[in-house]
Each structure stands twice: as C-alpha cells, then as structure tokens.
Amino acid sequence: MAVATPEWLTKHDGELACGQDGQTCVVYLAGEPQYALFVLPAAGKLTCEVKQTNNGKRLESAAVYPTIDEAARGGLEDLRKALGW
C-alpha cells in the first residue's frame, strides 16, 4: 500500500503508518494510535473499515473501490469527515 500521510492529518499532529501486510494502516494522533484502517473485500471490489483503537467503534461506509490504495484513501477521507476536519 503506497498511501502517504495526508496534509490534513499532519496539520493535526497526526501520522499514518501502514503495515507490511499491505492492507492495514494505523492513524496516530499526538503519537498515540487512535484509528485503524482495514482494507477488505466487498462486492467484488474493496472497502475500507475504520475503527477506533480504544473501543473498536467503527465508522460506517458503504463505499467500494477498485484498488487497495483507493480504498485506504477513501477510508482516510471518511475519517477526516467524521472528525470534522
């Protein structure tokens, strides 16, 4: 997965760390892991599930994407909207 930390995240003291499995990323805010992104198969394509790391609460999204990178970027966009950034 080749997804860079978005500018909106760095502006809020955040960073993105993607795992070696190529399908998961963790969003850190102020150095603490706050959200996990999981790229999963959905309807013959891919989706991105976003969960809070402290309680497992999910951000709901029915969006599907053709590639892993697009799914991860879509999950990040869902997170940005949920955070009001």
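Just so you know, these numbers use all the heavy atoms, side chains as well, and skip hydrogens, waters and symmetry mates.
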J.: Is a donor on one side and an acceptor on the other found under 3.5 Å between the side chain of T47 and the backbone of A63?
T.: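 Confirmed, T47 side chain pairs with A63 backbone.
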J.: By side-chain hydrogen bond (donor to acceptor under 3.5 Å, both in side chains), which residues pair with Q34, not counting sequence neighbours?
T.: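 Here no residue qualifies.
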J.: Could you list the residues that satisfy salt bridge (Lys or Arg N to Asp or Glu O under 4.0 Å) with E15, not counting sequence neighbours?
T.: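 Applying salt bridge (Lys or Arg N to Asp or Glu O under 4.0 Å) to E15 gives none.
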J.: Show every ring-ring contact (aromatic ring centres under 6.0 Å, His included) that has at least one partner inside residues 10-32, sequence neighbours left out.
T.: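 Pairs touching residues 10-32 that pass the test: H12-W85.
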J.: With salt bridge (Lys or Arg N to Asp or Glu O under 4.0 Å) as the rule and sequence neighbours excluded, what pairs involving residues 27-43 come up?
T.: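 Sorted result for residues 27-43: empty, none.
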J.: Going hydrophobic residue to hydrophobic residue with side-chain gaps under 4.5 angstrom, can you get from L40 over to V50?
T.: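 No, no single cluster joins them.
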J.: Taking side-chain hydrogen bond (donor to acceptor under 3.5 Å, both in side chains) as the definition, give me every residue that meets it alongside N54, ordered by chain and number, with sequence neighbours left out.
T.: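 side-chain hydrogen bond (donor to acceptor under 3.5 Å, both in side chains) check on N54 returns nothing, list empty.
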J.: Applying salt bridge (Lys or Arg N to Asp or Glu O under 4.0 Å), name anything that partners K51, two or more places apart in sequence or on another chain.
T.: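 K51: salt bridge (Lys or Arg N to Asp or Glu O under 4.0 Å) contacts with E49.
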J.: Sequence neighbours left out, cut at 3.5 Å: what donor-acceptor pairs do the side chains of residues 67-77 make with other protein atoms?
T.:
residue	atom	partner	partner atom	Å
T67	OG1	E70	N	3.1
T67	OG1	E70	OE2	3.2
D69	OD1	A2	N	3.1
E77	OE1	R80	NE	3.1
E77	OE2	R80	NE	3.1
E77	OE2	R80	NH2	2.4

J.: Who passes salt bridge (Lys or Arg N to Asp or Glu O under 4.0 Å) against K11, sequence neighbours left out?
T.: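 In terms of salt bridge (Lys or Arg N to Asp or Glu O under 4.0 Å), with neighbours along the sequence ignored, K11 is linked to E7.
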J.: Going by side-chain hydrogen bond (donor to acceptor under 3.5 Å, both in side chains), name the residues that satisfy it together with T53, two or more places apart in sequence or in a different chain.
T.: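 Here no residue qualifies.
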J.: Are L79 and L59 packed together at the side-chain level, in the sense that at least one heavy-atom pair is separated by less than 4.5 angstrom?
T.: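 Yes - at least one pair of side-chain heavy atoms lies under 4.5 Å apart.
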J.: Got a sec, which pairs hit disulfide bond (SG atoms under 2.5 Å apart) with one end in residues 2-33, sequence neighbours left out?
T.: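 For residues 2-33, and leaving out neighbouring residues, the disulfide bond (SG atoms under 2.5 Å apart) pairs sorted by first residue read C18-C25.
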J.: Filter on ring-ring contact (aromatic ring centres under 6.0 Å, His included), then keep only pairs touching residues 32-68, sequence neighbours left out; what's left?
T.: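 Non-adjacent pairs meeting ring-ring contact (aromatic ring centres under 6.0 Å, His included): zero.
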J.: With the 4.5 Å side-chain cut-off for hydrophobic clustering, are V26 and L29 part of the same group?
T.: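 No: no chain of side-chain contacts under 4.5 Å links V26 to L29.
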J.: Test of understanding: with side-chain hydrogen bond (donor to acceptor under 3.5 Å, both in side chains), list the residues that count as partners of S61, not counting sequence neighbours.
T.: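 With sequence neighbours excluded, S61 shows a side-chain hydrogen bond (donor to acceptor under 3.5 Å, both in side chains) to D78, given in chain and number order.
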J.: Quick check: closest heavy atoms across L16 and L9, and the distance to 0.1 Å?
T.: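 Heavy-atom minimum between the residues: N-CD2, 4.2 Å.
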J.: Please give me the minimum heavy-atom distance between G14 and T5, naming the atom from each residue.
T.: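 Scanning both residues, the minimum pair turns out to be O-CG2, 4.1 Å.
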